[in-house]
Amino acid sequence: MRQRLLQWYAEQGRDLPWRRTHDPYAIWISEIMLQQTQVKTVIPYYTRWLESLPTIADLAVADQNQVLKLWQGLGYYARARHLHQAAQQMMTHHQGEFPHTLPEVLALPGIGRTTAGGILSAAFNQPISILDGNVKRVLTRLIALKRPVKKASKQLWHISDQVLDPVQPGVFNQALMDLGATVCLPRTPDCGACPCSDFCRAFQQNMQNELPMREEKAPIPHKSIGVAVIWNEAGQILIDRRPPSGLLGGLWEFPGGKIEPGETVEDCIRREIQEELGIEVEVGDRLISLDHAYSHFRVTLNVHHCRHLSGEPQPIECDEIRWVSLDELDQYPFPAANVQIIDALKQNAAQ
DNA sequence: GATCCGTGGAA
DNA sequence: TTTCCAAGGAT
């Protein structure tokens, strides 16, 4: 089974940028970006990141705004904050080098068992197994596991340990993931092209389309939000930086908040701006309304132009506030939904 | 152990 | 359009 998979990988494996290096820093960056994120999405971010921050030392001394700006649009922004922190830890505790032992790597923020195994096996060919989404699916079908993956994680880790090739564990882990990503697909796997179908219990039982078992998900709530683009006399716009952890932590945004039952958008914006920033605004025309999905809820953003009337803005429920011109907005990291607002502002200004 | 944490590709 | 879900980890 190992040899069949390794042979298949030699012929059919993907040529990906991070497979052309053994630099643990570059491989680490790729592994973090690839968490819950498709390869196609990651590639341009990966390339740009390594051009801007080619070494651990560069990342460690970088400004957090620069780090988050390089991450803008990738989501799960704690990944970027943890990369930043981990690089600083490597400077102080590991002489600026990426550590070589599993306990040291696992002690770094943002790195769990799968990411640690991925890095150590790919960079140093250490025999450490992984269990990412691809491997879970492949192994689940290989043994025809008929119970929810979440409740079988111990068993799947054991199988991953057992199948790992002791001679070339790095290549083997990559091969297992490629099989999951290109052949052993979530829906309608291409078993005719699979080098392991002879060994696959799910294929033998014709259950490849039913496994892994579907997990049930909680329904996602919806919120309506009032958002303010507040202009001052100088033609500048007020933005705020979100608290350093939690949802979209450290990113900049246009201020606003949830519309309460019975409240109009205008009422909501006036109230939220008073509560968050301690100022009075006049709510004007609607700029744009847009829907956006986060990981645990959906929102409709109702964005209005506002005019600053009175009071000095205070960072009451945020980390920092700043008046900026339309052109300066590009220097700040914003969530994807706010990038749409900026685009609408620029289209307005161009008219 | 359940919940939190983004975004976009693909069907 | 809706739904699924992707190289998971932290709390």
Side-chain angles (χ1 to χ4, degrees), chain A residues 13-14 16-19 27-46 68 71-83 85-86 105-122 128-139 148-154 156-157 160 170 172-182 184-188 209 212-222 242-251 253 290-299 333-340:
Chain A
R14 293 174 293 179
L16 301 172
W18 43 89
R19 289 180 177 168
I27 293 168
W28 170 43
I29 300 302
S30 77
E31 289 285 343
I32 301 299
M33 288 185 170
L34 286 161
Q35 290 172 1
Q36 302 289 283
T37 310
Q38 295 183 356
V39 165
K40 184 176 182 178
T41 304
V42 164
I43 288 175
Y45 282 91
Y46 172 82
L68 290 174
W71 204 270
Q72 177 178 297
L74 260 188
Y76 288 141
Y77 295 92
R79 294 184 291 172
R81 300 194 303 269
H82 288 149
L83 277 175
Q85 294 166 15
V105 173
L106 283 173
L108 296 166
I111 300 185
R113 191 170 167 185
T114 287
T115 301
I119 298 169
L120 290 174
S121 64
I128 304 175
S129 63
I130 59 173
L131 191 60
D132 75 314
N134 289 310
V135 177
K136 281 179 188 167
R137 187 169 56 255
V138 170
L139 297 183
V149 170
K150 279 187 177 177
K151 302 194 172 186
S153 124
K154 190 173 178 182
L156 290 172
W157 271 110
S160 188
F172 184 84
N173 279 337
Q174 299 298 313
L176 213 47
M177 285 191 285
D178 261 24
L179 187 69
T182 65
C184 196
L185 301 165
R187 281 174 277 199
T188 61
N209 293 321
M213 285 182 61
R214 295 265 191 270
E215 314 267 357
E216 44 195 78
K217 293 183 179 176
I220 295 178
H222 181 273
R242 295 176 61 88
S245 64
L247 181 70
L248 306 170
L251 274 71
E253 67 175 3
L290 57 95
D291 293 320
H292 191 77
Y294 294 101
S295 41
H296 278 65
F297 59 96
R298 301 172 185 280
V299 294
F334 283 94
N338 281 243
V339 171
Q340 288 191 56

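Below, chain A is the first sequence line, B the second, and so on; all start at residue 1.
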- Task: Would you please test A/Gln35 and A/Arg79 for side chain to side chain donor-acceptor pair (under 3.5 Å) and show each step?
- Result: CA-CA 9 Å; A/Gln35 290 172 1; A/Arg79 294 184 291 172; 4.9 Å; no
- Message: What contact category does A/Ile111 fall into here, base, sugar-phosphate, or nothing, at under 4.0 angstrom with non-hydrogen atoms?
- Response: sugar-phosphate
- Query: Atom NZ of A/Lys40 to atom C1' of B/dG9: distance rounded to whole Å?
  - Reply: 7 Å
- Message: Which is more 5' along DNA chain B, the nucleotide nearest A/Lys151 or the one nearest A/Pro335? Just name the residue.
- Response: A/Lys151
- Message: So if I take every side-chain heavy atom of A/Tyr76 and compare against C/dA7, B/dG9, B/dC5, which nucleotide ends up nearest?
- Response: B/dC5
- Mind checking the P distance from C/dA7 to B/dA2? Whole angstroms is fine. 24 Å
- Query: Taking atom P in both C/dT11 and B/dG6, what distance in whole Å separates the two?
  - Reply: 14 Å
- Message: Given 3.5 Å as the limit, does a donor-acceptor pair link the side chain of A/Arg81 with the main chain of A/Pro244, or not?
- Response: yes
- Message: Side chain of A/Leu248, heavy atoms from C-beta onward: which of C/dA6, B/dT7, B/dT3 has the nearest atom to it?
- Response: B/dT7
- Looking across every strand, which nucleic acid part, if any, lies under 4.0 Å from A/Gly73 by heavy atom: base, sugar-phosphate, or nothing? sugar-phosphate
- Choose from B/dC5, B/dT7, C/dG8 the nucleotide whose nearest atom is closest to any side-chain atom of A/Leu247. B/dC5
- Query: Checking all strands, does A/Ile119 fall into the base, sugar-phosphate, or nothing category for heavy-atom contacts under 4.0 angstrom?
  - Reply: nothing
- For the pair made of CG in A/Leu139 and C1' in C/dA7, what is the distance, rounded to whole Å? 14 Å
- Task: Give a yes or no on whether a donor-acceptor pair under 3.5 Å exists between the nucleobase atoms of B/dG6, that is its base, and the side chain of A/Thr37.
- Result: yes
- Query: Which part of the nucleic acid, if any, lies within contact of A/Thr115, taking any heavy atom under 4.0 Å across all strands shown: a base, the sugar-phosphate backbone alone, or nothing?
  - Reply: sugar-phosphate
- Message: Applying a 4.0 Å non-hydrogen cut-off, can you work out what A/Leu74 is touching in the nucleic acid: base, sugar-phosphate, or nothing?
- Response: base
- Task: Please test A/Leu179 against A/Asn134 for side-chain contact (heavy atoms from CB on, under 4.5 Å), starting from the C-alpha separation and ending with a verdict.
- Result: CA-CA 8 Å; A/Leu179 187 69; A/Asn134 289 310; over 6 Å; no
- Item | Contacts of type ring pair (Phe, Tyr, Trp, His ring centres under 6.0 Å), residue A/Phe334, not counting sequence neighbours | A/Phe254
- Item | Closest-nucleotide 5' rank along DNA chain C - winner of A/Pro109 and A/Asp132 | A/Asp132
- Within the side chain of A/Gln174, is there an N or O that forms a donor-acceptor pair under 3.5 Å with the backbone of A/Ala122? no
- Residues two or more places apart in sequence or in another chain: which of them pass salt bridge (Lys or Arg N to Asp or Glu O under 4.0 Å) with A/Arg242? A/Glu253
- Message: Taking any heavy-atom pair under 4.0 Å as a contact, classify A/Trp71: base, sugar-phosphate, or nothing.
- Response: nothing
- Message: At 4.0 Å (heavy atoms only), tell me whether A/Ala293 reaches a base, stays on the sugar-phosphate, or touches nothing.
- Response: base
Check nucleotides 2-5 of chain C for protein N or O atoms closer than 3.5 Å to its own N or O atoms and list the pairs.
{"from": "C/dC5", "atom 1": "OP1", "to": "A/Arg214", "atom 2": "NH1", "distance (Å)": "3.2"}

- With a 6.0 Å cut-off on ring centres, are A/Tyr294 and A/His292 close enough? yes
- Message: Here's a test of your reading of the structure: between A/Ala337 and A/Lys150, which maps to the more 5' nucleotide of DNA chain B?
- Response: A/Lys150
